[in-house]
Amino acid sequence: LHDFSPEHQLLFSMAVGHWLVAIWEDSRSWRFLRGGLSDKDLVAGDASALLLQAYAVHHVTAAVGYACLLRLQTCSAIGVFGLIYELPVLLMNHREFAVCAEKPPEWFRDSSNV
C-alpha cells in the first residue's frame, strides 16, 4: 500500500501529463463537450459550458492528486486505484468514436455486439 517504485513514478507522471493535456484539450474544444445534449436538456445554461466547468474541476483535482503522490512518494495504492477507476473511460471513448463515425464500425452496427 505504501511502496513507491520507479513504475509508480512513471505511471503517475503520465497521469499528471494526461490530465494537463485534457485541461488544454477541453479548453480548446469546449463547444463539443455536450455530446448530443441540447440546451433544453438542462434546467438552465449551456451544456458545454457546464461540462467544461465539471471536467476542469475533475482534471485539476486528478492532476494535483497525482502530483502530490509523486511528491510524497507513498500511498501508491491510492494512485493505482485511481488509474483503475479511470479504465472504463477508455471504453466510453471508444463507443463515442463509433457513434460519431460517418460509417459506424461493423461491431457497432451488429446489435448482438453492443
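- Put simply, Phe12 and Leu72 are part of two different groups of oily side chains (I, L, V, M, F, W, Y) that touch within less than 4.5 Å, one to the next.
- Judged as a side chain to side chain contact (heavy atoms under 4.5 Å, CB included), and not counting sequence neighbours, the contacts of Val57 are Thr61.
- Rounding to the nearest 0.5 angstrom, the gap separating the OH atom in Tyr55 from the OG atom in Ser48 is 10.0 Å.
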Please tabulate, one pair per line, all N/O donor-acceptor pairs under 3.5 Å involving side-chain atoms of residues 63-71, not counting sequence neighbours.
{"from": "Tyr66", "atom 1": "OH", "to": "Gly79", "atom 2": "O", "distance (Å)": "2.8"}
{"from": "Tyr66", "atom 1": "OH", "to": "Leu83", "atom 2": "N", "distance (Å)": "3.1"}

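- Every residue two or more places apart in sequence or in another chain that forms a side chain to side chain contact (heavy atoms under 4.5 Å, CB included) with Ala49 is listed here: Trp30, Asp46.
- To the nearest 0.5 Å, the span separating NE2 on His58 from CD1 on Ile23 amounts to 10.5 Å.
- Within the structure, every pair that satisfies the side-chain hydrogen bond (donor to acceptor under 3.5 Å, both in side chains) test and touches residues 9-26, not counting sequence neighbours, is listed here: Asp26-His59.
- The closest donor-acceptor contact from the side chain of Ser76 to the backbone of His8 lies at 3.5 Å or more, if one exists at all.
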